[in-house]
Amino acid sequence: MMIFHIMLKAIKLTLRDKGYFLYMLIFPLALIFVLGSVLSNAFSSDVELDKMTVEYTIEQDNPLGKAFDTFATDASGDQVTFKEADSANAGKDAVKNGDAVGFVNVTNDLTVTTNSPSQIEMSVLNGYLTGFTSQYRLASTIIKVDPTQAGILKDPPKASDSAIQVEKLASENDISAFEYYAIAMIAMVMMFGINSGINVFREEKVRHTDVRLFIAPIKKSTAIIGNFLGAIFMQTVSLIVLMLISDAFFGVNWGQYSVVIFVIYFSLLFFSVALGMAVDVFSNGNPAASGAASILVQVFAFLGGAYFPTGDGLMSKLSPIGWVRVGVRDVLYNQDLAAAMLPILLNLAITAVLVVGMSLWIRRKEVY
């Protein structure tokens, strides 16, 4: 019962703090809106390809030339046009002047001339030419083996719609900017629990009520647990509010795995509050610890991709915000429940180490 009263006292103190609403609600929502709006184009996967012209000449009357001429006629469309040049020099000049992406000179083989096309244009050109050469080699092989089967190339069999299935894995470029920053900012806000952990007893010391608390007929562990639960409760409220607002205004559909995602964030919250308490305990209540903790949160935010995408590499693995962001993303968009295990277990394991360390430290000091 005493734990409940201490917890309620901690909640009331937090509600009186205007900075709580600023840093835990207004600040992250504003960042999601601003960063999501400004960087929306950076997360767009839509690529518009300009019309491409490929010029070619056929200098020898051979099977390869006839095959390429037929291919060029069939392959020309609204996006890519194959145009026969008057001469090899004319085709090269068209490429040089930017009127064509590439020039193909067909003799006994194919000679391709380009002039520093973009990566996308080069990929498209390579795709067309690779497709032609593969088809031509296949035709040559079939004719050599059984000339009567050459007609199959004119009407090749088509695969059924279910023959090929594509599984697309999520990455930063597969989700919108608002979705990315909503996921990342909620993780960063949960990391702000480090400040709540530091202030678990800081408020008592500032108000000079810590002595009265410890001379009261209650266990020291009761006071610690009560304040800890109070900080956890308020952080949990902010987590729920941020998830609801992200769903309603920023298009983050937490879906059927919303409970799993909540547990991932909650484990980070648990870890951050415990880390804040440990910083305060091990620094003997040094006021500079609060500033150092704020810097640490920003370092974690930088490494974890809270302000700009850092991928899934080493930088993200060095930050609790990073491994939580990646875990939430994979659960949300890939339905990969196994991805939730790493951040949850890692956060809880570190929390357990911190709690044991604090208990031993406080017991050794006998006073806090």
Side-chain angles (χ1 to χ4, degrees), residues 1-11 13-14 20 24 186-205 209-210 213-214 216 218-239 260 262-297 299-300 304 317-324 327 340-368:
M1 192 65 179
M2 185 58 65
I3 291 179
F4 174 78
H5 287 296
I6 296 175
M7 173 182 170
L8 187 61
K9 180 265 306 176
I11 293 174
L13 289 177
T14 303
Y20 167 81
M24 304 303 293
I186 294 178
M188 186 176 73
V189 169
M190 294 304 99
M191 200 66 220
F192 282 158
I194 191 172
N195 293 319
S196 299
I198 289 176
N199 290 327
V200 163
F201 282 110
R202 186 65 54 84
E203 292 292 333
E204 301 286 355
K205 294 177 181 178
T209 57
D210 55 325
L213 181 64
F214 283 116
I218 60 173
K219 294 181 179 180
K220 189 182 299 184
S221 59
T222 300
I224 295 175
I225 294 173
N227 282 280
F228 178 76
L229 292 178
I232 289 290
F233 178 84
M234 293 307 301
Q235 293 284 111
T236 303
V237 170
S238 67
L239 171 58
V260 177
F262 177 86
V263 173
I264 296 176
Y265 281 130
F266 188 80
S267 68
L268 177 60
L269 161 61
F270 215 70
F271 160 66
S272 64
V273 173
L275 178 60
M277 293 181 65
V279 169
D280 189 44
V281 169
F282 296 144
S283 66
N284 294 320
N286 192 324
S290 181
S294 298
I295 295 174
L296 182 62
V297 171
V299 171
F300 283 152
K317 291 181 174 62
L318 294 175
S319 168
I321 296 175
W323 64 61
V324 164
M341 298 304 296
L342 176 62
I344 292 174
L345 294 178
L346 194 56
N347 290 334
L348 294 182
I350 299 175
T351 300
V353 172
L354 292 174
V355 170
V356 172
M358 282 188 292
S359 301
L360 295 176
W361 183 273
I362 294 175
R363 184 178 302 174
R364 190 184 71 175
K365 288 180 59 179
E366 295 184 354
V367 293
Y368 174 67

Contact summary for V297 and M191, nearest pair of heavy atoms:
CG2-O, 3.8 Å
With sequence neighbours excluded, residues passing ring pair (Phe, Tyr, Trp, His ring centres under 6.0 Å) with F282:
W361
Taking all non-hydrogen atoms of both residues into account, name the closest pair between D280 and S283 and its distance.
O-OG, 3.3 Å
Compile the donor-acceptor pairs under 3.5 Å between side chains in residues 266-274 and protein atoms, sequence neighbours left out, one pair per line.
unit_1, atom_1, unit_2, atom_2, d
S267, OG, I264, O, 2.6
S267, OG, N347, ND2, 3.0
S272, OG, M190, O, 2.6
S272, OG, L268, O, 3.3
S272, OG, L269, O, 2.9

Listed by chain and number, what are the side chain to side chain contact (heavy atoms under 4.5 Å, CB included) partners of V353, not counting sequence neighbours?
none
Mind listing the closest non-hydrogen atom pair of A293 and I198 along with its distance?
CB-CD1, 3.4 Å
Apply side chain to side chain contact (heavy atoms under 4.5 Å, CB included) to L345 and list each qualifying residue two or more places apart in sequence or on a separate chain.
M341
Report the distance from atom CZ of F192 to atom CZ of F300, rounding to the nearest 0.5 Å.
13.0 Å
Less than 4.5 Å apart, any side-chain heavy atom of L296 and any of L275?
yes
